[in-house]
Amino acid sequence: MTKCTTLVVLSMAGLIAASASAGAQSTTGDQLAGKLVITGASTLAPLIAEIGKRFESLHPTVRIDVQSGGSSRGVADARQGLADIGMVSRAMKEDERDLSAFPVARDGVCPILHQKNPVQALTDEQIVAIYTGKITNWKAVGGNDAPITVANKAEGRSTLEVFLHYFKLKNVDIKAQVVIGDNEQGVKTVAGNRNAIGYVSIGTAEYDATHGVPIKLLPVGGVAASTESVRTGAFPLSRPLHLATRPSPSGLAKAFIDYTQSKAVHDLIREQYFVPLAD
Amino acid sequence: MSRWPTDRLLLWLLRGVAAIAGAIVLLIVTFLVMEALPVLRHVGVARFFTDPSWHPTEGFYNLTPMLWGTLFAMVGSVLIATPLGILSAVFCHYYAPPVIARPYRRLIELLSGIPSVVYGFWGLVVLVPLIGAIHPPGPSLLAGIVILTIMILPTIALMADASLANVPQQYLRGAAALGLPRWATVRGVVFPAAKSGLFTGVILEAGRAIGETMAILMVCGNVVQTPHSLFDPMRTLTANIALEMAYALGDHRAALFVSGLVLMGMIAALVGAADWISRGRIYG
C-alpha cells in the first residue's frame with residue numbers, strides 16, 4: 001500500500017515536472033521553430049552545415065538549409081531576403097555596411113617545407129617566383145642545390161583561393177609538379193620530399209608539426225605562422241569568415257548566430273581546420 | 001508448355017531482374033548526360049578537346065591530357081600485370097607443389113582484398129620518395145603504373161587461375177600420353193583451351209585500372225599535363241573528379257560530369273574493342 005502511494009506521489013511529481021518543462025520548451029519552442037536558409041561561401045558551407053546539424057539536434061523543430069554559391073551570393077541573398085543569413089569568407093567591404101556581419105572563425109594558410117630543408121624564410125617575391133616557375137632550384141634562395149618540387153592545390157579549394165588572392169597570382173600562371181587535394185595530402189607530400197614546397201591550412205600544419213611530422217611552417221611577411229597569429233589577425237595569409245544578415249538578426253537567426261559564435265562549436269571549427277576566434 | 005504457374009512466375013522474375021541490371025547502366029548514363037548538359041550546351045563538345053588547358057574556374061576545359069594520362073597508366077599496368085598474373089597462375093597449377101600452391105593462392109586472394117587507399121598510402125610514403133630520389137619530383141606516371149600493377153595483379157591472377165582450373169582433365173592426359181613436356185603442354189594445350197577466361201581477365205583488369213581513383217590520386221601528382229616521360233606527374237580522369245568534385249560549382253561541376261562521361265565512353269570503347277577482337281575467335 002505504502003509502495004503504491006509512493007508510486008502515485010512520484011508519478012504526480014513527474015507529471016508536474018514534465019508539464020513544467022513542456023511549458024518551458026513551448027515558450028522557447030515558439031521562438032526556435034521554423035526554417036533558416038543560409039547561403040554563400042563554399043568555404044564556410046561545410047562548417048555551417050555541421051553546426052546546423054548540431055543546432056537541429058538541440059532544437060528539433062528547427063530546420064537549417066545550407067547552400068553554397070560563393071561569398072557574393074551570400075551578400076546578395078542576405079540583401080534581397082532570399083536567405084536569412086549569408087556566408088561571406090572574407091573581410092566585409094566598405095559598401096557592405098548595410099549588412100550586420102558576425103565573425104565566426106578565421107581561415108589561415110601557410111607555406112610549408114620539409115624540416116631538413118635549410119631554408120628558414122622566403123620573401124613574398126621569392127614565393128611568387130617559385131610558384132610561377134622563375135626559380136626552380138633551392139640554391140637561388142639560399143638552400144641546397146636541388147630542384148624545387150612545387151605542390152599546388154586543386155581547383156576550387158578555398159586554400160588555393162586565399163593563396164592566389166594574397167600573392168596576386170592566377171592559377172594558370174602556376175607551374176606545379178604536384179597537385180594535391182586535401183591538407184593532409186599536402187602535408188604528406190612535403191614530409192616525404194625534402195625539396196618540396198606546399199601550402200596548407202595552418203590548423204592542419206600546426207597540428208602535424210607538433211605531432212612529429214617532419215615539416216616546418218614558414219613565416220609570411222615576417223609574421224610567424226601559428227593559429228595564434230591567425231586569431232589575432234596579424235598573419236597576412238588569412239581571412240575572417242563571416243555570417244551576415246539584413247536587418248540585424250532576431251529570433252531564430254540571432255539564436256543560431258549566437259550559437260555559431262559560442263564555445264560549444266569550437267571543436268567543429270577545428271575539425272574543418274579553421275581557427276576559432278576566442279577561447 | 002507453361003502448365004506450371006511457377007515457371008511463368010520465374011520467367012517474369014528473371015525478366016525483371018535482368019531489366020533492373022540493364023536499367024542501372026542506362027540510368028547512370030542518363031544522369032551523367034543530364035548533369036553534363038548545361039556545360040555541353042553553352043561550351044560545346046569540341047572545347048573539351050581543344051582548349052589550351054584545364055582551368056575550369058577560369059573557363060578552360062581541356063580534358064585530353066587526362067585522357068592520355070588514364071590511357072598510359074592503364075596500358076602500362078596491364079602490360080606488366082598480365083604476364084605476371086598469368087604466369088603466377090601457371091606456376092600455381094602446373095609447377096608448384098600443393099603445399100605451396102594453396103597458401104600462395106590465399107595470399108593472392110588477400111592481395112585483392114586490400115582497400116585501394118592502403119596501396120595509395122604506401123605509394124605516397126614509400127614509393128614516391130623512392131622514385132623522387134632517382135628522378136625528382138617523385139609523384140609520376142611511373143608511380144601510378146607500379147601501384148596499378150600491384151592492384152590489378154590479383155584480378156588477372158585469380159581469373160587466370162580459375163580458367164586454368166577449367167581446362168578439361170582429358171586434354172592434360174592426352175598431352176601426357178603424347179609425351180609432351182610440361183611447358184609445351186601449357187603453351188600448346190592449356191593456353192588455347194583457357195584463352196576465353198584469360199581474355200576476360202585482361203578486360204576486367206583493364207577496367208579496374210581505368211576506374212581506380214584513390215591510389216592513383218595519391219601517387220600521380222595530379223598535374224594536368226600529357227606525360228612525356230615515365231617520371232612526369234600526370235592526372236587521370238577519375239582523380240580529376242575525386243579531387244575537384246567536393247568544391248566544384250556550376251560549370252566546373254558540370255565539366256566534372258563530362259569527365260565522367262568521357263570515362264564511361266572509354267570503358268564502352270574497351271568493351272567494344274574486346275568484343276571486336278574476340279568475335280568468333282575467343283568465345284566461339
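Within every chain, numbering begins at 1; the chains are lettered A, B, ... in the order of the sequence lines, protein sequences first and strands thereafter.
Here the CD-CH2 distance, from Glu155(A) to Trp54(B), works out to 8.0 Å after rounding to the nearest 0.5 Å.
Interface residues of residues 221-230 of chain B toward chain A, defined by a heavy-atom distance below 4.5 Å and sorted by number: Gly221(B), Asn222(B), Val223(B). The interface of residues 103-122 of chain A with chain B, defined by heavy-atom distances below 4.5 Å, is empty.
When each of Asn171(A), Ile148(A), Thr189(A), Asn193(A) is scored by its heavy-atom pairs under 4.5 Å with chain B, the top score falls to Asn171(A). For the set Val179(A), Thr149(A), Ile180(A), the entry with the most heavy-atom pairs within less than 4.5 Å of chain B is Val179(A).
For chain A, the nearby parts of His55(B) are the backbone and the side chain; heavy atoms of each come within less than 4.5 Å. In this structure, chain A has heavy atoms under 4.5 Å from both the backbone and the side chain of Leu243(B).
Enclosure of atom CZ in Phe121(B) is not indicated, since only 12 or fewer non-hydrogen atoms of other residues, nucleotides or ligands lie within 6.0 angstrom. Other residues, nucleotides and ligands place no more than 12 heavy atoms under 6.0 Å from the OH atom of Tyr207(A).
A donor-acceptor pair is defined here as one N or O able to donate and one able to accept, closer than 3.5 Å; such a pair exists between the side chain of Gln185(A) and the backbone of Leu217(B).
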